[in-house]
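Below is one structure, written out as structure tokens, with a few remarks after it.
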4 protein chains.
Amino acid sequence: MTDLCGSERRDMFKAAAMELACQYGYEGATIKRIAQKCGVTVGTIYHYFENKEELFREALRERTFTTVLKKLIGEIEEKPIDEGLFQVATGFVGFLRERRNLISILVSEGLHNGEFGSLFADIVRQNTELMKSYFDRKIAAGELAPIDSRIAVQMFFGHFFTAYLHKERMQMEHLPPLDEAFVRGSIALLLHSWRQP
Amino acid sequence: MTDLCGSERRDMFKAAAMELACQYGYEGATIKRIAQKCGVTVGTIYHYFENKEELFREALRERTFTTVLKKLIGEIEEKPIDEGLFQVATGFVGFLRERRNLISILVSEGLHNGEFGSLFADIVRQNTELMKSYFDRKIAAGELAPIDSRIAVQMFFGHFFTAYLHKERMQMEHLPPLDEAFVRGSIALLLHSWRQP
Amino acid sequence: MTDLCGSERRDMFKAAAMELACQYGYEGATIKRIAQKCGVTVGTIYHYFENKEELFREALRERTFTTVLKKLIGEIEEKPIDEGLFQVATGFVGFLRERRNLISILVSEGLHNGEFGSLFADIVRQNTELMKSYFDRKIAAGELAPIDSRIAVQMFFGHFFTAYLHKERMQMEHLPPLDEAFVRGSIALLLHSWRQP
Amino acid sequence: MTDLCGSERRDMFKAAAMELACQYGYEGATIKRIAQKCGVTVGTIYHYFENKEELFREALRERTFTTVLKKLIGEIEEKPIDEGLFQVATGFVGFLRERRNLISILVSEGLHNGEFGSLFADIVRQNTELMKSYFDRKIAAGELAPIDSRIAVQMFFGHFFTAYLHKERMQMEHLPPLDEAFVRGSIALLLHSWRQP
DNA sequence: AATGAATGAGCCTTCATTCAT
DNA sequence: AATGAATGAAGGCTCATTCAT
């Protein structure tokens, strides 16, 4: 419709695909629907992408949290640990929100689509490694106790990921909102002993 | 095939449906496949269930972790907190493993199927409440510090849930196995301060 | 439509497929057209056949000239060679006419469809072998000169096959009709020396 | 790509069309594939040809065996019959090999495409007439017996055509190779009596 | 002259569902 | 209770063709 160059067109299709898949699932995001949403006909989409899977693969690969995380870790290196974790957590949740479609598809399709599954695994591995080495540096520096950093990373991301999924993607109304208080509270919980000293 | 009464047949269909959906996703678990797996023809399934959705809804509602959790909490009330958490966590992971199919479907379909979504939300709420009141009693008893028990519950379940999903459902090879050591390590991480005292 | 048992239904679909393919080619014989010709909807055809290729493969394999040829050779063993050849040639042309669809598809699709190609090759080989051994027996019996029986077989079938294709399938009006006179004339041409003695 | 004048471009497209159609069939030889093979885009082809059919029609009409045959017959007029037939047969097989694409398409498409069918018929008629009059002259000259020259021509071309199709286009491995021995053997078979004198 | 984006009809195939037997 | 033939809409994808640039 509007005047767009080729690459912008591709982006438009990818965005529409993500949005529809988030709403209806991968199967529900039909090429026809994607085309309609973009005001073109099915053939056009195949002019830009080999097939449906390529369209999605490319869209999903596009931007991952890893890029953001690298930058964040660079910025927080010198800050106190609770501030550092706060910033990463906030960035993570913000990313999940911004790329909400991506997340939905990776989770729901990753469970039974090999291609998407390994894409998801890749992303998780990269993030895990970055964060683990941050933890390890903090342990070496004596800021953190000698905890099992591998598990710690899983706990950190796992918590915020699940919280986001449950609260914002599945609208579980009994759960607290994912606001700053929640993030700060969560980090406090991690850093402090649960046990009464 | 073998002689089964009506209710047993229903169970058989539900079990087959779960298994196939776990493997191929909800869309991939076609009525024909379910029928074949049970050695009957498509028509038969429609004798027992109104339609595909009813079959799945009923299968998913069947048994949730809540039943197990109630029993577990009764048993651990008097035990020290780390042992109590260990038993709940172990029971939770065991349940996820045993009902692996159910979990897959709730997660992947819950994201864009309203019916399944609220089913999932229900289950989560019940578990959250049970566990939260357990935490609250422990806080009152002075065994736990006055932590935010709502967040703590989310962190507890969220961690093991994510760990299970990533490791055992998505085969992320870079993650540690979900064995006793992992569970104990995770609980230690929760109960102790991450920060160097 | 009319009451037919399963196997008759299959036959009906195969017959329709052959007829349409003969008229429009393999690609032109669409499942929809086949279904329409049979008064059913597309889904029905897929109830009987895995896919389009299976439908055609089965239809093509169904009856080949080999069966007819075996019987014919049994009958002509004792007859004089020109009468024997006349009967085989007549039977061959009759078969081509009767199974006109089959031939069209094997020839036209066999050239670029591996599956159909090897099907055709199989048929040709079987016929060639049967006929060659007949020739060899006649040579041994002294009724035929010690000719190269392999080439002779190719010449025999090749001639009638081409004649049929050109005249009756491609309506080449400048060619003589494929009647008894033509067959007898052809055999005379084979058996007698072309060269002026 | 390279600098070609209009007519050379047309030839290039036609050649590519033939080659692809030979490999994949008429339907399989898509405009896009043809364009790709020539390093241009689809639009370009439509600058040179009205539509797909025109492209093929023109390509097929291009050069036929007739031209070659005329020349050959001129050359063999004075030679002994077996040598003459050898040269024509060799030329014919050589032509089929060289124009392999053309042949495939005429045969396979000619069966259900009226346009291509009559094109093929034209070619066959011309060749038949040329060869028949050669035979008739040889009969008049007493070199050949008073055979039915119309059938003889069909037998001559039909044999080599089928042999080529079966052996070199359909890779029938049980058949002898189409070499000089085969051609000479075939001609001997034609010229000599099959019957034991 | 050449491009390549866009079209839209049509292809093969799948699948939940119905229903006469 | 069970069958399985039949439906028909829908899905992914292809392709000859057009046309503004």
Side-chain angles (χ1 to χ4, degrees), chain A residues 1 3-6 9-10 26-35 38-55, chain B residues 1 3-6 9 26-36 38-55, chain C residues 1 3-6 9-10 26-35 38-55, chain D residues 1 3-6 9 26-36 38-55:
Chain A
M1 291 288 106
D3 249 7
L4 294 174
C5 78
R9 223 89 230 271
R10 285 178 78 91
Y26 180 71
E27 320 269 334
T30 68
I31 295 290
K32 199 177 175 184
R33 271 211 257 228
I34 296 171
C38 296
V40 300
T41 54
V42 286
T44 304
I45 294 196
Y46 285 92
H47 188 71
Y48 289 90
F49 299 93
E50 195 71 34
N51 51 37
K52 188 179 175 180
E53 186 149 334
E54 187 191 287
L55 165 58
Chain B
M1 291 289 103
D3 253 6
L4 295 174
C5 76
R9 290 225 110 166
Y26 179 72
E27 320 270 334
T30 66
I31 296 291
K32 197 178 173 186
R33 272 212 256 227
I34 295 170
Q36 267 167 358
C38 296
V40 300
T41 54
V42 289
T44 305
I45 293 192
Y46 282 88
H47 261 280
Y48 289 89
F49 299 93
E50 194 67 34
N51 52 37
K52 189 180 175 180
E53 184 149 337
E54 187 191 287
L55 164 60
Chain C
M1 292 286 105
D3 250 8
L4 293 174
C5 77
R9 226 89 232 265
R10 286 178 76 91
Y26 180 72
E27 322 269 334
T30 68
I31 295 291
K32 199 176 175 185
R33 270 212 258 229
I34 296 170
C38 297
V40 300
T41 54
V42 286
T44 304
I45 293 194
Y46 283 91
H47 188 71
Y48 290 89
F49 299 92
E50 195 72 34
N51 51 39
K52 188 180 175 180
E53 186 149 334
E54 187 192 288
L55 164 59
Chain D
M1 290 289 105
D3 252 5
L4 294 173
C5 76
R9 290 226 110 169
Y26 179 71
E27 320 270 335
T30 66
I31 295 291
K32 197 177 174 187
R33 273 211 257 227
I34 295 170
Q36 268 166 358
C38 296
V40 301
T41 54
V42 289
T44 306
I45 293 193
Y46 282 87
H47 261 280
Y48 289 90
F49 299 92
E50 194 68 33
N51 52 36
K52 189 179 175 181
E53 185 149 335
E54 187 191 288
L55 164 59

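Basis for what follows: all heavy atoms, side chains included, without hydrogens, waters or symmetry-related copies. Protein chains get the first letters and strands the later ones, always in sequence-line order, with residue 1 at the start of each.
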Paired and unpaired positions of DNA chain E as dot-bracket, Watson-Crick or G-U wobble under 3.5 Å, | denoting a partner strand: .||||||||||||||||||||
F/dA1 phosphate, OP1 or OP2, under 4.0 Å from B/Thr44 side-chain N/O: no
Counterpart residues, side chain to side chain donor-acceptor pair (under 3.5 Å), relative to A/Arg10 (two or more places apart): A/Glu58
Phosphate contact (F/dA2 OP1 or OP2) by B/Tyr48 side-chain N/O below 4.0 Å: yes
Euclidean distance, atom CD of residue A/Glu54 to atom P of F/dG12 [Å, nearest integer]: 15 Å
Interatomic distance where CZ belongs to A/Arg10 and C1' belongs to E/dG4 [whole Å]: 14 Å
Considering all heavy atoms, the nearest D/Ala35-D/Val42 contact: CB-N, 3.8 Å
Between OH on residue A/Tyr26 and CD on residue B/Glu27, distance to nearest 0.5 Å: 12.0 Å
Separation of atom CZ in B/Phe49 from atom P in F/dA2, rounded to whole Å: 12 Å
Point-to-point distance, once rounded to the nearest 0.5 Å, from OG1 of B/Thr30 to NZ of B/Lys52: 7.0 Å
Separation of atom CD1 in A/Ile45 from atom P in E/dG8, rounded to whole Å: 14 Å
Smallest separation among heavy atoms of B/Glu54 and B/Tyr48, with atom names: OE2-O, 4.1 Å
Interatomic distance, C/Leu55 atom CG to C/Glu53 atom CD [nearest 0.5 angstrom]: 10.5 Å
Where D/Ile45 and D/Ile31 come nearest, the two heavy atoms and their spacing: CD1-O, 4.0 Å
Summary of protein contacts for nucleotides 13-21 of chain E, nucleotide by nucleotide, where a base hit scores B, a sugar-phosphate-only hit scores S (4.0 Å, heavy atoms): BBSSBB---
